[in-house]
Protein chains: 2
Amino acid sequence: MLINLDFEANEPIYQQLTNQIIDGIARKELKPGEGLPSVRSLAADIGINLHTVNKAYQQLKQEGFILIHRQKGVVINPDGVPKADESYRAQLQKKLRPIIAESICRDVDELEFLELCQSIYNSYKGGTTS
Amino acid sequence: MLINLDFEANEPIYQQLTNQIIDGIARKELKPGEGLPSVRSLAADIGINLHTVNKAYQQLKQEGFILIHRQKGVVINPDGVPKADESYRAQLQKKLRPIIAESICRDVDELEFLELCQSIYNSYKGGTTS
DNA sequence: CCATCTGTTATACTATAAATATAACAGATG
DNA sequence: CATCTGTTATATTTATAGTATAACAGATGG
């Protein structure tokens, strides 16, 4: 999978990496059971430190996106990502609230906001395109 | 307005403060032209440093939520918050993408997501309740 | 058997951001 | 003229991000 990092962004590199892998899973480019590069090879590929990759992997592991077999390597969770529970839904709402508050202040009405979300959802439905 | 900060959270205090003021504007508890406390008094009220408050105010000023008259104090933008432009919409989409990607991975379907957004929008329509 | 790969752990260092603590300046106000 | 305003400057502490090495332990393949 192609990884594209912005080293000038405020968002930490490990967080960008985490998000891109989640994005790959959402786009079905990364499928359950599929292997990911080792921390060392991925770090070398994108020119960052292995600990930075490891931090992303640990985060993905803790949230159930991937499994890490000590010697076998890293694998997209073969059972699929754990489905949303109430804790996740609460956290989701907490993330969306300030975004929606600002949108309201800026006169983005509900319909426009929902259509934007819809269009993003649709972008994950089609082909292999990001 | 009531300010509630979580000093244990990962989110910086100045960011929490910024978000709460935006939330207050969205809820219409803070109205155009209304005054905000001085950096010193607000800092004293919530028990933080004046520079932390100032950082939040500067951010709100730069994004057009408030005006700061050198000696008169801080005021909610009397002309209202600048409406969403294309730059804001692009930034909004950038914020929503990773959130939606994770939701898709966790099997939150489009309808459920949209209804959550709707319910949040509705929470800003009613009374003075947060 | 041994070189090599895996994730993991530990330590150390640099750089940056967040938050605090003081202090001072300049324009208004009463 | 004392007092309040935002603003600026400096310094310190703490935490996080990222890098740099190094080593360990389990597996694998030649």
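In what follows, every chain begins at residue 1, and chains take the letters A, B, ... in the order their sequences are listed. Basis for what follows: all heavy atoms, side chains included, without hydrogens, waters or symmetry-related copies.
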Tell me: [atom1] of [X] to [atom2] of [N], nearest whole Å?
X       : N      : atom1 : atom2 : result
A:Gln59 : D:dT16 : CD    : C1'   : 13 Å
A:Lys55 : D:dT16 : NZ    : P     : 8 Å
A:Ile46 : D:dG18 : CD1   : C1'   : 13 Å
A:Arg40 : D:dT21 : CZ    : P     : 14 Å
B:His51 : D:dT10 : NE2   : P     : 12 Å
A:Asp6  : D:dG18 : CG    : P     : 12 Å

Select base, sugar-phosphate, or nothing to describe what [X] touches, counting heavy atoms under 4.0 Å on all strands.
X       : answer
B:Gln16 : nothing
B:Glu11 : nothing
A:Tyr57 : nothing

Enclosure of A:Lys95 NZ (heavy-atom neighbours >12, cutoff 6.0 Å):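 Buried by this count: over 12 neighbours within 6.0 Å.
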Within the structure, does a side-chain N or O atom of A:Thr52 lie under 4.0 Å from either OP1 or OP2 of D:dA17?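 No, no such contact exists.
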Position toward the 5' end of DNA chain D (nearest nucleotide), A:Leu50 or A:Ile13: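 This one resolves to A:Ile13.
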Can you get from B:Tyr124 to A:Phe113 by hopping between Ile, Leu, Val, Met, Phe, Trp and Tyr side chains that sit under 4.5 Å apart?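 Cluster IDs for B:Tyr124 and A:Phe113 match.
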Is it possible for you to say whether B:Ile99 and B:Leu111 belong to one hydrophobic cluster, with membership spreading through side-chain heavy-atom contacts below 4.5 Å? no
At a heavy-atom distance below 4.0 Å, which nucleotide of DNA chain C is the first touched by chain A, and which is the last? C:dT6 to C:dA10
Check the side chains of B:Asn19 and B:Glu11 for a donor-acceptor pair under 3.5 angstrom, ignoring hydrogens and angles. yes
Residue pair B:Thr18 / B:Tyr57, side-chain donor-acceptor N/O under 3.5 Å: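 Absent: no donor and acceptor within the cut-off.
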So do the side chains of [X] and [Y] get within less than 4.5 Å of each other, counting heavy atoms only?
X        : Y        : value
A:Gln118 : A:Tyr121 : no
B:Ser103 : A:Tyr88  : yes
A:Gln59  : A:Gln62  : no

Whichever of A:Arg70 and A:Asn10 has its nearest DNA chain C nucleotide further upstream toward 5':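 Its nearest nucleotide being more 5', the pick is A:Arg70.
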What pair of heavy atoms forms the shortest contact from B:Gln58 to B:Ile68, and how long is it?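 Where B:Gln58 meets B:Ile68 most closely, the heavy atoms are NE2-CD1, 4.2 Å.
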Counting Watson-Crick and G-U wobble pairs whose two distances are both under 3.5 Å, find the runs of 3 or more in a row that involve DNA chain C. C:1-5 with D:26-30, C:7-25 with D:6-24, C:27-30 with D:1-4
